[in-house]
Number of protein chains: 2
Amino acid sequence: MSTSSYHHKNLPHTIINAALDAIAESGPSALSLRDLARRAGVSHAAPAHHFGDKAGLLTAVAVQGFCLLADALVEAQRRTGDFLEVGVAYVGFAVEHPAHFAVMFRPELYRTNDPELVAAKARAGESLYRGVAPFTSSESGPVPQDAALAAWSLVHGFSALWLSGSLPPGLPADPRQAARGVASVLFPGTQ
Amino acid sequence: MSTSSYHHKNLPHTIINAALDAIAESGPSALSLRDLARRAGVSHAAPAHHFGDKAGLLTAVAVQGFCLLADALVEAQRRTGDFLEVGVAYVGFAVEHPAHFAVMFRPELYRTNDPELVAAKARAGESLYRGVAPFTSSESGPVPQDAALAAWSLVHGFSALWLSGSLPPGLPADPRQAARGVASVLFPGTQ
DNA sequence: AGAGTAATCTAGTCAGTGTCAAGATAGATG
DNA sequence: CATCTATCTTGACACTGACTAGATTACTCT
């Protein structure tokens, strides 16, 4: 036991995964470093060694989240070339990574000035902007920025409402399909 | 001091207001009942007497929030009759009552089966639905439910992004005006 | 290979928190 | 006035985040 617990090798990874489980279960507010340590089978102060403190851990979660989001968006853009599908991918990310999503847009939980974080956030922002850029350049449309923000707001709001269980019943069980139906109100003539 | 602290008369009200301040400052996660007690000048266990526990306090905050939201929506509907302005009122509520908004859509923080809460939530839901109903019944539009959900998602997402500080700079300083620009992408021809 | 160094984790401690139980105080009711 | 009830206080307990010092392991350098 003593030889296995010392130099756990990838404790940060293990702890982040435990944190993701815990957050998905009961939200970031109920997160306990000591509980994570117990789940990982290490001492109560081990997590703090790697992440400094709770905010440090959540910063790492947010960084990972923005990276995964950026990946999901560029992947959707590459595969389909359709900005509606980029929006659907945004919702897909939120539903498949609820813990990441729950942290990413709650800046009071982590260090917003962490260099890794600002980089990841910028990358996600660019991916998102490129995904909806074609939509904003349609000549008949309104102000480009407003159109892009409308698209972002719609998929972000749908994600948040879905995750919080606020949406009425009767929607498609698959969140992507539900999102496709809702998003196509904004992106008419693309499906 | 002893005569003034006993029978504070409206301690629940005082504590809820203190909670709203605290939440607006640093989010619901950092909320401390003992801190609220200190702000109100009472003993550390006084809040629990009225609200049972932390979740009980946040339930009360959520109830108040849904009532205020319902009021804001029906007021906008009554005054303008325009569903775009109902959406703008949704954003206005979120920005003017950030603490309420931060709690309302985080069900893991409060008692979702509290009877007062379900009533207030239902009232807000009806107000919202009536506000966007005209939009959903436009014959050329898509599935009514999808249109209503798109409208809700858009204003909800814009509110969440605005409150989290995720939106890019360069927007109108007045959130209502910014929301009007963004929402009019979805509601064309109404402004 | 062996010593020294750095990284990783443990153990102990402290202030702060939520929650519970029991007691004190004050207004209301008979 | 006596009693009752709601309101608030006091004290306690387990839990948490954070800090410090120490133990253990891996890595490096000659």
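Throughout, a chain's letter reflects where its sequence line sits, starting with A, and its residues are numbered from 1.
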*Asks:* What is the separation between atom CZ on B:Arg34 and atom P on D:dC8, rounded to the nearest whole Å?
*Replies:* 17 Å

*Asks:* What's the spacing between A:Arg38 CZ and A:Leu33 CG if we round to 0.5 Å?
*Replies:* 10.5 Å

*Asks:* Would you mind telling me which of D:dC8, C:dT10, C:dG18 lies closest to the side-chain atoms of B:Ser32?
*Replies:* C:dG18

*Asks:* At 4.0 Å (heavy atoms only), tell me whether B:Ala46 reaches a base, stays on the sugar-phosphate, or touches nothing.
*Replies:* base

*Asks:* Side-chain donor-acceptor pair under 3.5 Å between A:Tyr90 and A:Trp152, yes or no?
*Replies:* yes

*Asks:* Send over the distance from A:Asn10 CG to C:dA7 P, rounded to a whole Å.
*Replies:* 18 Å

*Asks:* When you measure from the side chain of A:His44, which nucleotide among C:dT13, C:dT19, C:dT17 comes out closest?
*Replies:* C:dT13

*Asks:* Checking all strands, does B:Ala45 fall into the base, sugar-phosphate, or nothing category for heavy-atom contacts under 4.0 angstrom?
*Replies:* base

*Asks:* Hey, which of these two, A:Leu33 or B:Ser43, hits DNA chain D nearer its 5' end, going by closest nucleotide?
*Replies:* B:Ser43

*Asks:* C:dT19, D:dT10, D:dG17: which one has an atom nearest the side-chain heavy atoms of B:Asp53?
*Replies:* C:dT19

*Asks:* Do the side chains of A:Asp174 and A:Arg180 get close enough for a salt bridge, i.e. N-O under 4.0 angstrom?
*Replies:* no

*Asks:* Please state how far atom CD1 in A:Ile15 lies from atom C1' in C:dT8, giving the value in whole angstrom units.
*Replies:* 11 Å

*Asks:* Parallel, tilted or perpendicular: which fits the ring planes of B:Phe66 and B:Phe105, with parallel below 30° and perpendicular above 60°?
*Replies:* perpendicular

*Asks:* What is the distance, to the nearest angstrom, from the NZ atom on B:Lys54 to the P atom on D:dT16?
*Replies:* 13 Å

*Asks:* Pick base, sugar-phosphate or nothing for A:Leu31, based on heavy-atom distances below 4.0 Å to the nucleic acid.
*Replies:* sugar-phosphate

*Asks:* Round to a whole Å and report the spacing from NE2 of B:His50 to C1' of D:dT9.
*Replies:* 12 Å

*Asks:* Can you tell me which residue among A:Gln64, A:Met104, A:His100 is in a side chain to side chain contact (heavy atoms under 4.5 Å, CB included) with A:Leu69?
*Replies:* A:Met104

*Asks:* Measure the distance from CZ on B:Phe51 to C1' on C:dG18 and round it to the nearest whole Å.
*Replies:* 16 Å

*Asks:* How long is the line joining NE2 of A:His49 and P of C:dT10, in whole Å?
*Replies:* 11 Å

*Asks:* The side chain of A:Leu11 lies closest to which of these nucleotides: D:dT7, C:dC9, C:dG18?
*Replies:* C:dC9

*Asks:* Does C:dT17 have its OP1 or OP2 closer than 4.0 Å to a side-chain nitrogen or oxygen of B:Arg38?
*Replies:* yes

